[in-house]
**Q** 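For reference, the structure I am asking about is given below.
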Amino acid sequence: MQIPHEVTARPDTGLYNAKLGIWLFLASEVMLFGGLFSAYIFLRMGAEDGYWPHGLLNVPVGAGNTAILIASSVTVVLAWASLKMRKFSQYKLWMGISILCGALFLIVKLAYEWPQKFEHFGAFIKKDAIEHYEKYLGNHHLKEKGLPPRVEISGHLHEVEIAADPAEKEKLEVFLKQHDLEAKPDEHDAKLQIVCSEKKDKDGKREGIRPGVAEDLEKVPGVKLIAFELGLDPINAAPDNPESDKPHFLYKGPTETPGKIERKDVEFYSSFAPKHSSYFAVYFTITGLHGLHVLAGVLIMLYFWLPIEGGANMFKRNPEHLANRVEVVGLFWHFVDLVWIFVFPIFYLL
Amino acid sequence: MSTAALTHAPDDNAHDDHHHDPGFWQKWVFSTDHKMIGIQYGTTGLAFLMFGFMLMMVMRWQLAHPGEAVPYIGGLLQAIFGSSAFQPDAKGIPGVLTADGYNSFGAMHGTIMVFFGIVPVAFAAFGNFVVPLQIGAIDMTFPRINMASFWCFFISCIFMCVSFFVPGGAAKSGWTSYPPLSGIADSGALNHFFMNGQTLWVTGMVFNITASLLGSVNFIATIIQLRAPGMTWMRLPFFVWAQFVTAFLLLLAFPPLEAAGVMQLMDRAFGTSFFMPTGLIVNGAATHWSGGGSPILWQHLFWFLAHPEVYVLILPGIGMVAEIIACNTRKPLYGYKAMVGAIFVLGFLSFIVWAHHMYMTGMGAKVSGFFQVTTVMISVPSVILVTALMLSLWGGSIRFTMPMLFATAFLPMFGIGGLTGIPLAFNAVDLYLHDTYYVIGHFHYVVAPGTIFAIFAGVYHWYPKATGRMLNEFLGRLHFWGSLIFINGIFFPMFLQGMAGVHRRWFDGGVTYEQIIKPVIHWNNFMSVSAFLLGAAQIPFIINFCWSIWNGRKASDNPWDATTVEWDTPTPPPHGNFTKEITVHRGPYEYSVPGADKDFTPQTEAPKSDKAHLAAPLVAAPAH
Amino acid sequence: MSQAHDHGKEITPGTAHEPATGGDHPHFDMHLGLYLGVGGFLLVATAVTVWLSYVDFDKMFGGHGWNIIIAMIVATVKVGFVGAIFMHLKGEKKLVWQFLYFTLFFVAGLFLLTLLNYSDPIFGTSHAHH
Amino acid sequence: MFSINKALGILPNASEHGQAVDHLLELCHWFMAILFVGWSCYFLYTIFRFHKSRNPKASYHGVQSKASAHLEFTVVLVEAVLLLGFGLPLWGKRVTGDQFPAEADAVRVRAVGEQFAWNFHYAGADGVFGRVHTSFLSGSNPLGLDPSDPAGQDDVVSKNDLHLITGKPTVIDLTSKDVIHSFSLQHMRMCQDAIPGSKIPMWFRPIRGGEYEIVCAQLCGAGHYAMRAMMKVETQAEFDTWMKEQASLKPAAPAAVPAATEPAAH
Ligand code: HEA
Ligand code: HEA
Ligand code: CUA
Ligand SMILES: [Cu+2]
């Protein structure tokens, strides 16, 4: 039993089955990403001044990843064209490069870009406390220049100041131990206040506390967060510096300039995780879903590259069929590339 | 992922099928045969229809007897669903539905009926079983994707079923799952971050949507690529057209809800605030969301799917009814081409009416006006479809076989449901009727005595093809008259209650609202009794369905003397469907052709002479 | 274009069948340059996008959101090339284009109508988003 | 005259624009009834007349007349009239700015939904609403009125008890603390969602005094079914007395109660 039009086109449509299928599938993908992008627009338009961050992502890395995807798109077409010309070794080469590019893209994303975000700490300041933090926010300066105000202070979390109920101290100690944190009594009020910071590394440099730990700390019974101490991001370290009015081209990590924020002045704080703000929510959702597509593409291309039946070995039996399959996965791959072409400016540049 | 399946779909598996019979697993479970997948979808879907109905019967008991334990099975229910859904009454008798339990059952009734009952049966089951046969194809274009679709659906079923048994019970924010309610439901420290009703609901929906997408790609590709020689577009049976448009609705409307589902999953599992606005105060305490999201965004994305979805619920039904009417009036459909046009217009318009569910969210004058206009417009193609079906009866020689009984009853029932949609379309009027039982009555008339009747009609019509046996007529008639009478007994009073201001999702049947409920409270009991009797009327059907598989009267290959191609196969059709080359020579409904020797001329029958050929004006349309 | 040669005839199932594509070789060779050229163009366009994002167009033209509009125009041009050349939409079958037309129509609807929600609220409505 | 609305048991109307709404609904119902009855007669006749026992041989050509085209055209026409003649103008009147009552001659109320009650907030004698902020919320200060704001001192707050004045336009600003509720005044033919994070006004002019139930028309949790409030439409004099009463009943200052002691009503 053989389904018709698997390899050759049906005359009245001019398409073979899988090609028709992939275009239908891509139509639904357009609607899927369309839904996500319209959510992006909806949330961004609704965001108040200061709540939509700019320039937090690493532009050169993002641009590099864009280039990687574009290159892989070129190589996928070349792989297909090679098959059409029945040049098998060229096909293996181009397809191999495409796979590597896809994998590289994922590695950059998962091993570098995302983890960096999770280390970062940001706190939105309550409206009525914004004035107190003028030295980190520089809103007077921004107002003079006609720029939107800042409401967030960010950087690396170095210390958390807590007040602990002596009766529940045991639970706190267990928690600190579990998270490999050190507690030292605060000099002002040795009885209750504790300042905890993570152990220093070999070179004696302070690594900082993972922001998630601060959130968990708040859930420990009897513990109340008093303040955060950070190594500030460049914009908060020197808010009046005109350099900071615009996003930097090259990413600049947090400085060693210390900053202190009182918990009671904070509306919401977290690491730069999805829950941090609408921006990161959309950023992680779209890039995550896009990443899943890249992963799928890589796996399928690998399947057609490996010398197995249904994969590259098909060349001997029915090269046209293999070419069709590669064309189809190519279409998918270009679509993934195409989504990224929008993602890059939207999240990295604007 | 699905591209993987798309690209290495069919070819290789095909060869081995030739040589040996597939084993048990391959034949019955991991089958790639469209007929088996259709049957799998059908039985799962029917089971869910029954389950959804049972949930509703429990709810109807509560509406009629608020605070009283469910008789006979109360203890059992409490043992099964746990103490979040059922509590003992004052005297300690177990089995009183709680408010949370009621909301949970209501949300799951809606979800199950729509996404796990009607769509799997009307679209996936009948579509899978009938469409390839009707267009003369040996299978779907992508048989393995077809199988993947079913198993993806099956996974979603598991999520939904499991969700009843996690602490806190199944999702309880309505089938619409509006945030922030759905965001705060079952969340927080006391609940598992994943194993809670609402999260399982969203996850299940994501799988369900994926299954539908895989299915719809397959349907469209099959109808475009695998029509038999001579099966031109205008020779397609109307059912195939209905499935074609439905598949497009699913393909393009579902992804935005998938996006929304992913976002809600993010909100629930990773604490994002896509749909959570700033500054929520729940039970007097501030919440732990960053805020900045919009609950309205969910509504837009949800209804962008859910309006086209309601046509997904009805179009396959209309398609089946059209087939059955043509066959049992023994004459061609009236206005076949106009119907095809209308169904396309309907599909198209259904994408731009969604906000008529959101008139009271505070949309602006222009937006609201726009949706009001499109909503009124969409009734026009519906009227064309109904009119064509009604006029098709004229001049027929109507045989009231079982399928025909249900198909004829479908017409006025759908009429009532559709007509009551008209006042809702006008936004000023909808502000009065919104969320009342008038709306509940409106859509149940369309889906219950509408689509469910169409499904029943379809089951009676194609059961012989699938099993080789006829269903019993006597039990069938019992089923029909019971269903027709009692279903109206449930749903007609809803309009009276709705006009009187009774609102939906009232767990106590409205007794809190003394003023509003007083004149209409007596209906509660009447409707509930009707619901139980409707349940009883399904028993003959269930018996009939199961008993006839082995004991029914043997069916011939073409028991209804029908013209369409599916009847040109052996009964039941073998793997590969046809035993001969199929070529189509004429339109789908060549019944009672003047001068022909019998009152039906199958599509595949070669023209005997030029004269017979000329006498088939419906074939006139050239290939597309 | 690639299917131009096999009108009508079906491949017999399972046989190793080599359609007569031999004549097409130069045809594909010709395209190699094109593919590389487009790839190069896309890389340059990426650099341009980055550069444009550091130019303050709002100051230049007055108004609001110019940078977004310009970046989207550049992205659309890039996507156009990917679609036309890599996905060979240029010269693609009518059917594929039909799918695309109405898909794009519906996404556009999805975008516009959610946007309208902000541009046209009932008087006096306010959304406190933070 | 016979009215289908009445036969179906519609609630009495108590607002000015409600008359137009009812009129439109009545027209719709007539249109639907005529279509349904007409089709039903045809339908019953057809299935009787063309039963196979009475008509053993079907006609291949069936209906030949153009009746269906005329019928469909009529339906379109009637719908167009309903839409252009009634629906759109009515809606236009409801939502264009120039119809919106001037602040001076309207009763202004803020309504804040919460699980599961409605809080109403009147500006009091000075006509200025006091400042509200979530940080002041407590069981006894369900609106979060700022105790230090002088404008708020004379404000009147009531729970589930809305008072309006016959004949005077009313503007209600709706919002919610927790989830979406919907403020449905069936007798006023009005319904508007209360959405957390948004403030949305609705307006109407009550024309008939009486006591009416207010329904929450959006699923909002386990207590949704019991989120009932009452609306009293009364004379100016009655209204003033009620206001005075409320003002005198008020505890000295909401701030006297420490914040967040008791949770909001459950
Ligand atoms: C299959 C399902 C289905 C179908 C086909 C329809 C069809 C229509 N629906 Fe319905 N609708 C729902 C399912 C459906 N709906 C559901 C599920 C909801 C509620 C969701 C929720 O809130 O939970 C809903 C809610 C709903 C609302 C929102 C109400 C509210 O929440 O306030 C509105 C408002 O405009 C509306 C309008 C319409 C209109 C104008 C049609 C039109 O398409 C109807 C056109 C049809 C006709 C005009 C009939 C033609 C018939 C004749 C001409 C006569 C025939 C007579 C005889 C045979 C005797 N529907
Ligand atoms: C397709 C959709 C569908 C269908 C078919 C039904 C069918 C029915 N519904 Fe439901 N309903 C909804 C969709 C549907 N409903 C939705 C979306 C809601 C809103 C939920 C919400 O508030 O969020 C709702 C809400 C709803 C309410 C309002 C609850 C409330 O707001 O408080 C009520 C009240 O009576 C109700 C009743 C019924 C009844 C009595 C049926 C009966 O017609 C059921 C009849 C069923 C059958 C006749 C099935 C028979 C089949 C078998 C027995 C199978 C046999 C099996 C084998 C042979 C294997 N439904
Ligand atoms: Cu509040 Cu329902
Ligand atoms: Cu709708």
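Naming convention: chains lettered A, B, ... in sequence-line order (proteins, then strands); numbering from 1 in each chain. Please read these numbers as outputs of a predicted model, since none were measured by experiment.
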**Q** Side chain, backbone, both or neither: which part of D:Val63 has an atom under 4.5 Å from a heavy atom of chain B?
**A** both
**Q** With a 4.5 Å cut-off on heavy-atom pairs, point out which of B:Val380, B:Ile516, B:Ile422, B:Val282 contacts chain D the most.
**A**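 Option with the top pair count is B:Ile516.
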**Q** D:Ile180 versus chain B, heavy atoms under 4.5 Å apart: side chain, backbone, both or neither?
**A** both
**Q** Please flag which part of B:Pro519 lies under 4.5 Å from any non-hydrogen atom of chain D: side chain, backbone, both or neither.
**A**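 Neither part, no heavy atoms under 4.5 Å.
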**Q** With rounding to the nearest 0.5 angstrom, report the CD to NE2 distance, D:Gln218 to B:His434.
**A**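 If I round to the nearest 0.5 Å, the distance is 5.5 Å.
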**Q** Need one label for B:Asp508: side chain, backbone, both or neither, based on atoms under 4.5 Å from any heavy atom in chain D.
**A** both
**Q** Is any side-chain heavy atom of D:Phe43 closer than 4.5 Å to a side-chain heavy atom of B:Leu411?
**A**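 In contact.
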**Q** If you define the side chain from C-beta out and look only at heavy atoms, does anything of D:Pro196 sit under 4.5 Å from B:Pro180?
**A** yes
**Q** Would you call D:Leu25 and B:Met499 a side-chain contact if the rule is heavy atoms closer than 4.5 Å?
**A** yes
**Q** With a 4.5 Å heavy-atom cut-off, do B:His503 and D:His224 have their side chains touching?
**A** no
**Q** With respect to chain B, which residue among D:Gly221, D:Ser40, D:Ala33, D:Gly223 yields the maximal number of heavy-atom pairs within a distance under 4.5 Å?
**A**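 Heavy-atom pair counts peak at D:Gly221.
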**Q** For D:Ser184 and B:Tyr432, test the side chains for any donor-to-acceptor distance below 3.5 angstrom and give the result as yes or no.
**A** no
**Q** Answer yes or no: is there a side-chain heavy-atom contact under 4.5 Å between D:Gln115 and B:Ile184?
**A**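 The answer is yes, as the side chains (C-beta and beyond) meet within the 4.5 Å cut-off.
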**Q** With chain D, which of B:Pro412, B:Gly174, B:Gly415 has the greatest number of heavy-atom pairs at distances under 4.5 Å?
**A** B:Pro412
**Q** Tell me, side chain or backbone of D:Leu82 under 4.5 Å from chain B's heavy atoms, or both, or neither?
**A** both
**Q** What part of B:Val520 gets closer than 4.5 Å to chain D, counting heavy atoms only: side chain, backbone, both or neither?
**A**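 Neither part.
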**Q** Quick one: does B:Asn427's side chain have a donor or acceptor within less than 3.5 Å of a partner on D:Trp91's backbone?
**A**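 No; zero donor-acceptor contacts below 3.5 Å.
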**Q** Sort D:Phe86 into side chain, backbone, both or neither according to what part of it lies under 4.5 angstrom from a heavy atom of chain B.
**A**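 For D:Phe86, no heavy atom lies under 4.5 Å from chain B.
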**Q** Hey, what do you get for CD (D:Glu213) to CD1 (B:Ile517), rounding to the nearest 0.5 Å?
**A**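 If we round to the nearest 0.5 Å, D:Glu213:CD and B:Ile517:CD1 are 9.5 Å apart.
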**Q** How far does SG of D:Cys191 sit from OH of B:Tyr359, to the nearest 0.5 angstrom?
**A** 13.5 Å
**Q** With a 4.5 angstrom heavy-atom cut-off, which part of B:Glu514 approaches chain D: side chain, backbone, both or neither?
**A** both
**Q** Relative to chain B, which segment of D:Leu84 carries a heavy atom at a distance below 4.5 Å: side chain, backbone, both, or neither?
**A** neither
**Q** Please classify the contact between B:Thr98 and chain D as side chain, backbone, both or neither, with a heavy-atom cut-off of under 4.5 Å.
**A** neither
**Q** Compare all side-chain heavy atoms of D:His61 with those of B:Lys331 and state whether any distance is below 4.5 angstrom.
**A**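 No, too far: nothing below the 4.5 Å cut-off.
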**Q** Is chain B contacted by the side chain of D:Tyr42, its backbone, both, or neither, given a heavy-atom distance below 4.5 Å?
**A**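 For D:Tyr42, the side chain is the part near chain B, not the backbone.
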**Q** Answer with side chain, backbone, both or neither: which region of D:Leu83 has an atom nearer than 4.5 Å to a non-hydrogen atom of chain B?
**A** both
**Q** CZ/D:Arg228 to OG1/B:Thr512 distance, rounded to the nearest 0.5 angstrom?
**A** 8.0 Å
**Q** Distance from D:Glu79 atom CD to B:Met377 atom CE, nearest 0.5 Å?
**A** 10.5 Å
**Q** So which part of D:His29 gets closer than 4.5 Å to some heavy atom of chain B, the side chain, the backbone, both or neither?
**A** side chain
**Q** Kindly check if the number of other-residue, nucleotide or ligand heavy atoms within 6.0 Å of CZ (B:Phe400) is above 12?
**A** yes
**Q** Given heavy-atom pairs under 4.5 angstrom as the criterion, report whether the side chain, backbone, both or neither of B:Tyr513 touches chain D.
**A**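 Contact with chain D: backbone and side chain both.
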**Q** Please classify the contact of B:Tyr438 with chain D as side chain, backbone, both or neither, using a heavy-atom distance under 4.5 Å.
**A** side chain
**Q** Quick one: pull up CG in D:Asn55 and CZ in B:Arg330 and give me the separation to the nearest 0.5 Å.
**A** 13.0 Å
**Q** Could you tell me which of B:Gly510, B:Gly335, B:Ser592 has the largest number of non-hydrogen atom pairs under 4.5 Å with chain D?
**A** B:Ser592
**Q** Heavy-atom distances under 4.5 Å only: say whether D:Asp22 touches chain B with side chain, backbone, both or neither.
**A** neither
**Q** Among B:Thr436, B:Leu496, B:Leu433, which residue forms the greatest number of heavy-atom pairs with chain D at distances under 4.5 Å?
**A** B:Leu496
**Q** If I measure from the heavy atoms of chain B, does D:Cys28 come under 4.5 Å with its side chain, its backbone, both, or neither?
**A** side chain
**Q** Measure D:Thr46 against the heavy atoms of chain B and call it side chain, backbone, both or neither at under 4.5 Å.
**A**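 Both backbone and side chain of D:Thr46 come within 4.5 Å of chain B.
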**Q** Answer with side chain, backbone, both or neither: which region of B:Thr408 has an atom nearer than 4.5 Å to a non-hydrogen atom of chain D?
**A** both
**Q** Taking side chain as everything from C-beta outward and backbone as N, CA, C, O, which of these in D:Ile214 sits under 4.5 Å from a heavy atom of chain B? Side chain, backbone, both or neither.
**A**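 When you check distances to chain B, only backbone atoms of D:Ile214 fall under 4.5 Å.
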**Q** Please classify the contact of B:Phe507 with chain D as side chain, backbone, both or neither, using a heavy-atom distance under 4.5 Å.
**A** both
**Q** Are any of the side-chain heavy atoms of D:Trp39 and B:Thr387 separated by less than 4.5 Å?
**A** yes
**Q** Let's test your reading of the structure: which of B:Trp506, B:Tyr102, B:Trp394 forms the most heavy-atom pairs below 4.5 Å with chain D?
**A** B:Trp394
**Q** Donor-acceptor pair, B:Ser397 side chain versus D:Ala58 backbone, under 3.5 Å?
**A** no
**Q** Identify which of B:Asp599, B:Val376, B:Ile416 forms the greatest number of heavy-atom pairs closer than 4.5 Å to chain D.
**A**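 Of B:Asp599, B:Val376, B:Ile416, B:Val376 has the most heavy-atom pairs under 4.5 Å with chain D.
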**Q** So for D:Ser65, is it side chain, backbone, both, or neither that comes closer than 4.5 Å to the heavy atoms of chain B?
**A**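 Answer is backbone: N, CA, C or O of D:Ser65 sit under 4.5 Å from chain B.
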